[in-house]
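Residue numbers start from 1 in every chain, and the chains themselves are labelled A, B, ... in the order their sequence lines are given, proteins ahead of strands.
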There are 2 protein chains.
Amino acid sequence: MDEALSACQYVLMNDAANPIKAVLGAGLGAAAAHNRRAVIDAIRVNGPLSRADLARATRLAKQTLSNIVEELETSGLLVACDPVTEGRGKPATPYDLAPMGALSVGVQIDRTVARTVVMDLRGAVLSRRDAPLRSRDPEAGLKLVTRLLADTRAALAPDVRGRIVGLGIAMPGPFGPDAPATRDDYTMAHWRGAGLAAQLHAATGLEVALQNDAAAAATAERLTGRAHGLRDVVCLYLGYGLGAGLILNGELYGGRHGDAGEIGMIPLPGSDTLLEHQVALAGFCETFAVPMADPRMFARIEAVLTRGGPALDAWIDRAAAGLGWVAQMLALVTDPQAVILCGTAPRPLLERLTQAVNAAAPRVALQLGHADPWVVAMGAAAEPIARNFDPKYAALLKS
Amino acid sequence: MDEALSACQYVLMNDAANPIKAVLGAGLGAAAAHNRRAVIDAIRVNGPLSRADLARATRLAKQTLSNIVEELETSGLLVACDPVTEGRGKPATPYDLAPMGALSVGVQIDRTVARTVVMDLRGAVLSRRDAPLRSRDPEAGLKLVTRLLADTRAALAPDVRGRIVGLGIAMPGPFGPDAPATRDDYTMAHWRGAGLAAQLHAATGLEVALQNDAAAAATAERLTGRAHGLRDVVCLYLGYGLGAGLILNGELYGGRHGDAGEIGMIPLPGSDTLLEHQVALAGFCETFAVPMADPRMFARIEAVLTRGGPALDAWIDRAAAGLGWVAQMLALVTDPQAVILCGTAPRPLLERLTQAVNAAAPRVALQLGHADPWVVAMGAAAEPIARNFDPKYAALLKS
DNA sequence: ATGATTAAGTCCACCTACTGGACTAATAAT
DNA sequence: ATTATTAGTCCAGTAGGTGGACTTAATCAT
């Protein structure tokens, strides 16, 4: 990921001779912006809230909240619900996030398919669209993705098209300079040099953010899933490979290059296999001779699961051992509130793995999250929503 | 760690019936407080800076900075340096952190010893003090620590005594409810229930913060060591056990209970040893029959090192393998800018381990940090300085 | 030497966004 | 009917960052 695209707390003065590294200052405007985010977040986490509730929750003055809510309502981000009377006193008017208050487009670029999703402020999916992709040809792929995005936007009612706040892209990582250079279909490394984000920005005019698929899945899990409203969460993502999205201090943690959570590449001590080989779908498909490019791959995996048998049991045991181990390890490293397993994988498989892991009575139980081919695309779409509307440190600083 | 003692972004309304979880709002005052922190941090990271430099770096108006600098100068936190003329224009007056501008006391409570350190705003150590401790007896230990702290403060000049901003405590973790209950000398688990922080707060009247030793070491490394000015750092800490302090997004990351980084307890897959048994000082002392309670333990370890021999080589190899593995793993998980090894251990041992790890050409080279019996105490003292003067999210929010 | 240019820092009037208290509105308990 | 309680508005006040004009002190060009 371009560093410029990630939130950047320290700013290097480009004074050439004398670069000064410093945290940006905070001004009135930044505080105001933050307070709007805090309101939206509070409503997303708690459901509809009245101005009085919001004032208490944020510790801001009633008046301040009155102003903010009014402003958000007129700009179409909040809608008033019916007044509710609870005990004595004047009935409160709760406000909820406006359906379509803001829209976001997400695109997942995967080995064999591109998927787009349109999501609104509440995290509701408004439309889905996909198209087969040949991962060997990024040029043609880019064209296809561009067209898919154009179609996706064209299908929106003209009056809401202007409410799109950004484009999220998700694809397999890692993106940093240390990423392995093997340019095969599996890692999709040859897509990355292409300035994908810049090109899609040019093609769409939208603000663009690039995440790896595990980070995207965690973003989805945070906006609409099990990680909703939690502060510290490990979100394991099982797809072709294995990754983790880390939510730390209430924000997705990316690290220096956005490559945090690349746990698939952890070497198992005392052997030269990688964790990923033992746990992810690629290994499953290899073991059970399911062709990964097959559009009916999910159905075939489910068939293997229902058929059962000792080979399957053995695979599950081995995978659960690896998964349980990495879950415990990440729990020790990050001391989280929850560990979630989600994935682009058939739900029965994730269910079975979750049960197998939890059967070993780990310190932190594994929770089952989204098991859906669309998680990553949803997470991609969730990113611009989070970027624009979630409270975060960077939103409190200048510029 | 009491959750109340850790920075808490989400606040639970104690409305009993209807708890609302929300991020606090931001006000004028919080922004002002943040800007003061940003100034102090910028000077700490870059060295003396003029008002103009600071204005550019923080993107605040010249005037704003003039006000802030004046205020910080009169409150004794900054001092003007001699004006420097650089090319054309009026010479700039750089400001530096005032020696003794603020003081902090740190106490390390270890298995056999208690150490106190007084540190100033710049991270300079003003005094050290230690006393032997019998870890079996927390009651007597608490008295001893209290006396040690009283002595430490009494030895300060009366006019600076009022400048103490807090008391940092560091001791072996973990602190969370999942911590193993074995109450032996090694884990010091029986110290933890004692409400240590609360009691020392009562005894000293100072604001108290409790960290595990690895977190403290990372805090020291951040204020005065290799992690200075970096945003994402893994700091491995080798003492009796092995731990990690994680600096993520420029702040020490603690997790739910302040137990993040407890990597010593990671089980090595396919065996039932813990990582710690392979890497830390406890294992070394056992292997080479060095009594851990011996006050001359360091010298004896160094003797083993200089003597050398195949047993030593084997131990180093095994430890370096474990250390290198965990360093790589944490680098994959957190995608950091640097991985640092520090410890309460003889410098030659850490040097040798660092070399052995780097000989294997890891993706991220291990850097040698503080190797000093006083790191943890220094880190304990650094915490209140960081808490009061480092820019952080929480400082921008209400109350 | 003298004036032009550049940069640091001050002065001062201004603006923005949060604040606190008085006030109104609507409901429940007595 | 009266009182208590809570939601929400009105309005004047305040804190703190802002922007532009101005002063000071250096270098550079002539």
(request) Taking only heavy atoms on the protein side, list every residue of residues 31-39 of chain A lying under 4.0 Å from any atom of DNA chain C, sorted numerically. (result) A:A32, A:N35
(request) With heavy atoms under 4.0 Å as the rule, sort A:L60 into base, sugar-phosphate or nothing. (result) sugar-phosphate
Has [X] got a side-chain N or O lying under 4.0 Å from the OP1 or OP2 atom of [N]?
{"X": "B:R56", "N": "C:dA7", "result": "no"}
{"X": "B:T64", "N": "D:dG16", "result": "no"}
{"X": "B:S50", "N": "C:dG9", "result": "yes"}
{"X": "B:T85", "N": "D:dA26", "result": "no"}
{"X": "B:R51", "N": "C:dT10", "result": "yes"}

Does [X] reach the main-chain N or O of [Y] with its side chain, forming a donor-acceptor pair under 3.5 Å?
{"X": "B:N388", "Y": "B:P384", "result": "yes"}
{"X": "A:R59", "Y": "B:K398", "result": "no"}
{"X": "A:E383", "Y": "A:A209", "result": "no"}

(request) Quick one: closest heavy-atom pair of B:S75 and B:R163, and the distance? (result) O-NH2, 2.8 Å
(message) Output the rounded distance in Å from CD1 (A:I20) to P (C:dA8).
(response) 10 Å
(request) Just say parallel, tilted or perpendicular for the rings of B:Y393 and A:Y393, cut-offs at 30° and 60°. (result) parallel
